[in-house]
Protein chains: 2
Amino acid sequence: MSNATTRRLPHPELKDVELPAVLFALSDPARLDLVRQLAAQGPLTVAQCQATEPGVPKSTFSHHLKTLREAGLIRNDPAGRQRIVTLRKAEVDERFPALLDAVLSSSPAHPPE
Amino acid sequence: MSNATTRRLPHPELKDVELPAVLFALSDPARLDLVRQLAAQGPLTVAQCQATEPGVPKSTFSHHLKTLREAGLIRNDPAGRQRIVTLRKAEVDERFPALLDAVLSSSPAHPPE
DNA sequence: CCTACTGTTCGATTTGTATCGAACTGTTGG
DNA sequence: CCAACAGTTCGATACAAATCGAACAGTAGG
């Protein structure tokens, strides 16, 4: 039809992004892991990202990428037959100061048991 | 059966709260508004809180309170025949430093139009 | 070239969340 | 005490999101 692997995908401007959308995108453990990985390891291909969450089908993973992208948190740009995923840190920091750092520096809970 | 208006409600310890739960609780505009109001105006009765979101039925509002409470963000304590809702700011700040302040200080987007 | 590869999109199913009316219960004012 | 009040809980319905297989389309390596 129209779209394929290596197509230009729409990226919202951060000015147009609302906080609830960002918080929602980050509220899923798999997506949060991915953002953490991108923050730590810099731009990665989709396949490299996916290595973080093994056992997750490509379509599911791609859906998570879409959610993060539409929330303005990541870029997803074609590069040959792959795609490069980048955390939009500087832009997010300008739009929501201190938010990403707060999220990224948070530690896991020790369970209620 | 068991429960009524003025009953002791369970409040999780912040140690046992996970970040995704907090982010999810804050990702709803109505709940975010409520947290903002509590931050600005201090402890309020449920009825006072509800004045923020007029037209919302009590049961719906109560459900939002439950979500925020289970995420460790607010307390909801009996007081006579009313209830006092309190933002657990200090505890949340200790568990997730800078997170609440980042959320509270964020400004609305000017829409894509 | 043409085949294998990377990753998105589509469509269907399942799961979870939002919403709201109704029932219910401790509390207090008269 | 009894009636009115404040809010939670329950149950049903509607809506949104997660998940996954299959189909698809550029790209590049042989």
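Throughout, a chain's letter reflects where its sequence line sits, starting with A, and its residues are numbered from 1. Since we're looking at a predicted model, the values are computed, not measured.
Rounding to whole angstrom units, CZ of residue B:Phe24 and C1' of C:dT17 are separated by 6 Å. Straight-line distance from the CG atom of B:Leu26 to the P atom of C:dT17: 15 Å, rounded to whole Å. At whole-Å resolution of the value, CD in B:Gln82 and P in D:dG7 are 5 Å apart. Rounded to whole Å, atom P of D:dT9 lies 14 Å from atom CZ of B:Arg8. Following rounding to the nearest Å, A:Phe61 (CZ) and C:dT6 (P) show an atom-to-atom distance of 14 Å. Atom-to-atom, CG of A:Leu34 to P of D:dA18 comes out at 14 Å; the value is rounded to the nearest Å. Distance, B:Asp28 CG to C:dG16 P: 19 Å, rounded to whole Å. In this structure, CG of B:Leu9 is placed 14 Å from P of C:dG26, rounded to the nearest angstrom.
Shown here are the side-chain hydrogen bond (donor to acceptor under 3.5 Å, both in side chains) partners of A:His63, two or more places apart in sequence or in another chain: there are none. For the salt bridge (charged side-chain N to carboxylate O under 4.0 Å, His left out) test, residues two or more places apart in sequence or in another chain that qualify with B:Arg88 are B:Glu91. Listed by chain and number, the residues in a salt bridge (charged side-chain N to carboxylate O under 4.0 Å, His left out) with A:Arg69 amount to none (sequence neighbours excluded). For the side-chain hydrogen bond (donor to acceptor under 3.5 Å, both in side chains) test, no residue two or more places apart in sequence or in another chain qualifies with A:Ser105. Take B:Gln82 and apply the side-chain hydrogen bond (donor to acceptor under 3.5 Å, both in side chains) test, not counting sequence neighbours, and it matches no residue. The side-chain hydrogen bond (donor to acceptor under 3.5 Å, both in side chains) test applied to B:Asp28 returns no partner, not counting sequence neighbours. For B:Asp77, the salt bridge (charged side-chain N to carboxylate O under 4.0 Å, His left out) test picks out B:Arg75, with sequence neighbours left out.
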Return the polar atom pairs (N/O with N/O) between nucleotides 1-5 of chain D and the protein under 3.5 Å, or none.
residue	atom	partner	partner atom	Å
D:dC5	O4'	B:Arg81	NH1	3.3

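Other residues, nucleotides and ligands place no more than 12 heavy atoms under 6.0 Å from the CD atom of B:Glu13.
For residues 53-66 of chain B, there are no salt bridge (Lys or Arg N to Asp or Glu O under 4.0 Å) pairs, not counting sequence neighbours.
Proximity of B:Asn76 to the phosphate of D:dT8: a side-chain N or O atom is located under 4.0 Å from OP1 or OP2. The shortest distance between the side-chain N/O atoms of B:Arg83 and the OP1/OP2 oxygens of C:dG26 is not below 4.0 Å.
Between A:Val35 and A:Leu104 the shortest side-chain heavy-atom distance falls below 4.5 Å.
Among the nucleotides D:dA17, D:dG7, C:dG26, the one closest to the side chain of B:Val46 is D:dG7.
The stretch residues 51-60 of chain A comes close to DNA chain D through A:Pro57, A:Ser59, A:Thr60, each having a heavy atom under 4.0 Å from the strand. Near DNA chain D, defined here as any heavy-atom distance below 4.0 Å, the residues from residues 62-73 of chain A are A:His63, A:His64, listed numerically.
Residue B:Phe24 belongs to a hydrophobic cluster whose other members are A:Phe24, with links defined by side-chain heavy atoms closer than 4.5 Å.
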